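Only a predicted model underlies this, so the values are computations on that prediction, with no experimental measurement involved.
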Amino acid sequence: MNNRDNKRDNGPRMNNRIFAKSVQVINFDGQNMGVMPTAEALELASNAGMDLVEINSSTDTPIVKIMDYGKYKYEQKKRASEAKKNQKNVGMRDVWVKPFIEENDLKIKMKKVFEFLDNGDKVKISVMTKGSKRVLAQGREAIPELFAHIMEIIGERGTLESKSKPDERTKSIVVAPVKAK
């Protein structure tokens with residue numbers, strides 16, 4: 001039992017912060033030792049060199065466990081870190097193209113798209129539409145053909161997940177990587 005345990009405001013109640021008159025005790029092996037006065041449970045924990053930690057306070061008789069709380073917190077943190085490390089975040093990457101992009105420039109952009117797809121990221125391919133009204137009108141007509149050409153280049157490496165709505169100002173498509181079987 002440490003003095004610092006009495007000052008903790010976060011986490012479960014433990015040691016001298018458990019105010020119930022009697023508690024149901026589970027020992028460090030997970031064996032139910034039954035209901036006993038809190039003072040007796042504290043003495044058992046102290047004799048074992050461990051902490052008395054409240055694991056369920058919603059019942060009339062709180063359930064407490066005798067454990068090494070520092071070791072328990074360390075193992076929890078380690079498990080959370082391991083889970084976070086194994087978790088794969090699917091990101092969304094952006095690639096911008098012009099409506100009248102040259103074939104060589106498109107190949108360079110597609111290399112980047114393939115790199116993102118191979119890393120497991122989704123790719124949002126958007127078309128820059130700016131310029132005079134005449135250029136914008138011609139560009140809007142060319143966009144569906146451009147997207148069809150891009151999807152033709154992508155082929156089996158990605159699947160079309162969504163398209164921008166016709167009334168949206170920026171035209172784009174979202175390509176997802178093909179899942180490995």
Tell me if a side-chain donor or acceptor on Ser172 pairs with a main-chain N or O of Ser126 at a distance below 3.5 Å.
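Judged by distance alone, no pair lies under 3.5 Å.
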Distance-only, no hydrogens or angles: does the Asp51 side chain make a donor-acceptor pair with backbone N or O of Tyr69 under 3.5 Å?
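Between the backbone of Tyr69 and the side chain of Asp51 there is a qualifying donor-acceptor contact (under 3.5 Å).
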Could you measure the distance from the [atom1] atom of [X] to the [atom2] atom of [Y]? Nearest 0.5 Å is fine.
X      : Y      : atom1 : atom2 : value
Ile26  : Ile55  : CD1   : CD1   : 4.0 Å
Thr38  : Phe19  : OG1   : CZ    : 10.5 Å
Met92  : Lys122 : CE    : NZ    : 5.5 Å
Ile143 : Lys163 : CD1   : NZ    : 12.5 Å
Gln24  : Thr61  : CD    : OG1   : 7.5 Å

Where [X] and [Y] come nearest, the two heavy atoms and their spacing:
X      : Y      : answer
Met33  : Asn27  : SD-CB, 3.4 Å
Ser57  : Pro62  : CA-CB, 4.3 Å
Ala176 : Leu117 : C-CD2, 3.8 Å

With sequence neighbours excluded, tell me which residues meet side-chain contact (heavy atoms from CB on, under 4.5 Å) with [X].
X      : answer
Gln76  : Tyr72, Lys73, Arg79
Ile153 : Glu103, Leu106, Met110, Phe114, His149
Asp94  : Trp96, Lys124
Ala41  : Val23, Val25, Met36, Leu52

Decide whether Leu160 and Val113 are clustered together by the hydrophobic rule: side chain heavy atoms of Ile, Leu, Val, Met, Phe, Trp, Tyr closer than 4.5 Å, transitively.
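Shared cluster, yes.
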Sequence neighbours excluded, which residues qualify as salt bridge (Lys or Arg N to Asp or Glu O under 4.0 Å) partners of Glu145?
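Residues passing salt bridge (Lys or Arg N to Asp or Glu O under 4.0 Å) with Glu145: none at all.
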Can you spot which of Leu42, Val53, Ile18 makes a side-chain contact (heavy atoms from CB on, under 4.5 Å) with Val64?
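So, applying the side-chain contact (heavy atoms from CB on, under 4.5 Å) to Val64 and each of Leu42, Val53, Ile18, only Ile18 qualifies.
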For residues Met151 and Ile173, determine if any side-chain heavy atom of one lies less than 4.5 Å from a side-chain heavy atom of the other.
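Contact flag for Met151/Ile173 side chains = yes.
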Taking the side chain as every heavy atom from C-beta outward, state whether Val175 and Ile150 have any pair of such atoms under 4.5 Å apart.
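Result no, sub-4.5 Å side-chain heavy-atom pair not found.
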In sequence, state the C-alpha distance, the side-chain angles, and the governing distance for Val123 and Ile154, and then conclude on side-chain contact (heavy atoms from CB on, under 4.5 Å).
CA-CA 11 Å; Val123 183; Ile154 291 174; over 6 Å; no
Kindly state each residue pair satisfying salt bridge (Lys or Arg N to Asp or Glu O under 4.0 Å) with at least one member in residues 25-50, sequence neighbours excluded.
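Checked against salt bridge (Lys or Arg N to Asp or Glu O under 4.0 Å) - neighbours excluded - no pair reaches residues 25-50.
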Apply side-chain contact (heavy atoms from CB on, under 4.5 Å) to Lys171 and Phe147, showing your working.
CA-CA 10 Å; Lys171 303 297 180 204; Phe147 284 151; 4.2 Å; yes
Sole residue of Lys112, Lys111, Arg157 in salt bridge (Lys or Arg N to Asp or Glu O under 4.0 Å) with Asp118
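Going through Lys112, Lys111, Arg157 one by one, the salt bridge (Lys or Arg N to Asp or Glu O under 4.0 Å) with Asp118 is satisfied by Arg157 alone.
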